[in-house]
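The structure appears right after this line, and notes come after that.
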Amino acid sequence: MSTIESSVSSILLDRVAEWLTNSSLAGDELENIVRGFCERLTAAGLPLARVHLSFSMLHPLYDALSFTWRRASGVTIEGFRMPAGQKPDRFLQSPYYYLLDNNLQHIRRRLLQDGPNEFPIFEDLRKDSITDYLAFVQPFGDGSVQGMMGSWSTDHNTGFSDDMIDALLRMQNHLAVAAKMAVLGKLANNMLTTYLGGDAGKRVLNGQIRRGDGETIRAALVMGDMRESTMYAEKEGRQAYIDTLNQFFDAIAAPFNRNGGEILSFLGDGFLAVYPCGRHKDPSKIACEAALSAVHQAQARVAELNRDREQKGLSRVGYGIGLHVGNVMFGNVGLKDRLTFSAFGSAVNEVQRLQILTKKYGREVVASQAFAGYCGGEWTTLGEEKLRGIRQKVTVLQPRAPAPAINVDESFREAVQNGLSEAEQVILLHRDAKKQVTRTSMEKFIQ
């Protein structure tokens, strides 16, 4: 690189800090904050070649997010879940562990091309012609388990000057404040999405938080339940039963959380899913067809799960699914200071009782006449039932044709084999097209 003046413009750095403040107030995503921050620092004259930032996250499915910015290629994002009770050797040999173990805030090393590799990561950095490396730990407050770790790297031939280091440390504090706000915002979204579901979580974040807030919607309804759960609990013990229940939910419930459907609540060993739709024929038809397609996927996945359980000498898991369509009330109910966001009303009661009728008729799937009518296709009438609380008898049907052959997702097969839930596989493999997440790349967090 050409010679760069060691002095850094405080005016331009103040503009970067102002941009961070405005981005935080606007609620920008953490990815946008990291990218914009790194690009603005280089535009201000800091000769950064590479910036690595890792943020610990309070999230049910993963422990941290890592951002690596390179001058030549922009930002890449990785997610990580620490294996229970394990600290990989590469982490134990990293600059970050050295900082934590020695209760230090910073560590700086000049990287000579023929020098020793104090830490394994230095060998990789030398391949990128890095000459100077500054790592740091930045907690988000005393006693907080959340925080930021990171490193600044340059390929400038004289490394970082004192002015540059002073500028980086000053800007690091501004970044920590902006990142903390973004992480807390992400945390709120993560928690609400995980515990309430995507649509319900958005409604709560948008202010639908008071008791009685809600609306009446039309939806295709799915109620699923695991059979003989009491026997499993008594026979297998607490932890084995919980593991079985989670495997069951991964297999049977996940398909209903896609293509317009949403798992609204888990009820013991069962679940309620909704496919909201308009009040006319065509939207109702689309919703019911999507729900029935998810039923076929769920049946194939449970069959795959049971094949795996049989190979391991475990008992098969049985289930029942009820299908219905109707108007439901959707919103907050409960105590003034303890609410739940759910669907309720006569249609919800009907689908629950339809699900119970799978036991009486010895069928895995039953549906109401209304649901079957919207779906079309061939159905077998099982009988007419007087459901408790419903004045008129309800015609109960089952799909006549067997479920079509469906290829089970490869990610679900991997989840069954390695014990991770599908949700964890999704988090660890594909947050989205830009945010690829891997389970084994611990090195991404120690650079």
Just checking, is any N or O donor in the side chain of S284 or R218 under 3.5 Å from an acceptor N or O on the other one?
->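 The answer is yes; a qualifying pair exists.
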Please confirm whether the backbone N or O of D28 pairs with a side-chain atom of N32, one donor and one acceptor, at under 3.5 Å?
->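 No; zero donor-acceptor contacts below 3.5 Å.
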Please confirm whether the backbone N or O of I321 pairs with a side-chain atom of R363, one donor and one acceptor, at under 3.5 Å?
-> no
Could you tell me the separation between the CZ atom of R258 and the CZ atom of F256, rounded to the nearest 0.5 Å?
->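 Separation between the atoms: 10.5 Å.
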For Y319, all residues meeting side-chain hydrogen bond (donor to acceptor under 3.5 Å, both in side chains), sequence neighbours excluded | E364
Where does the angle between the aromatic ring planes of [X] and [Y] fall among parallel (under 30°), tilted (30 to 60°) and perpendicular (over 60°)?
X: H106; Y: F136; result: tilted
X: F371; Y: W379; result: perpendicular
X: F249; Y: F271; result: perpendicular

Test item: S315 and R309 side chains (from C-beta on) under 4.5 Å apart, heavy atoms =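 Yes. Closest side-chain heavy atoms under 4.5 Å.
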Is the NZ or CZ atom of R35 positioned over W69's six-membered ring, under 6.0 angstrom from the centre and within 45° of the axis?
-> no
Is E304 salt-bridged to R307, cutoff N-O under 4.0 Å?
->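 Yes, this pair counts.
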By ring-ring contact (aromatic ring centres under 6.0 Å, His included) - contacts of F122 (at least two apart) =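 Once residues adjacent in sequence are excluded, the partners of F122 under the ring-ring contact (aromatic ring centres under 6.0 Å, His included) criterion are F119, Y133.
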Cut-off 3.5 Å, no hydrogens considered: what does the side-chain donor-acceptor table look like for residues 355-362, sequence neighbours left out?
unit_1 : atom_1 : unit_2 : atom_2 : d
Q355   : OE1    : R227   : NH1    : 3.0
Q355   : OE1    : R227   : NH2    : 2.9
T358   : OG1    : R227   : NH2    : 2.3
T358   : OG1    : Q355   : O      : 2.6
K360   : NZ     : E385   : OE1    : 3.3
K360   : NZ     : E385   : OE2    : 2.6
Y361   : OH     : E385   : OE2    : 2.5

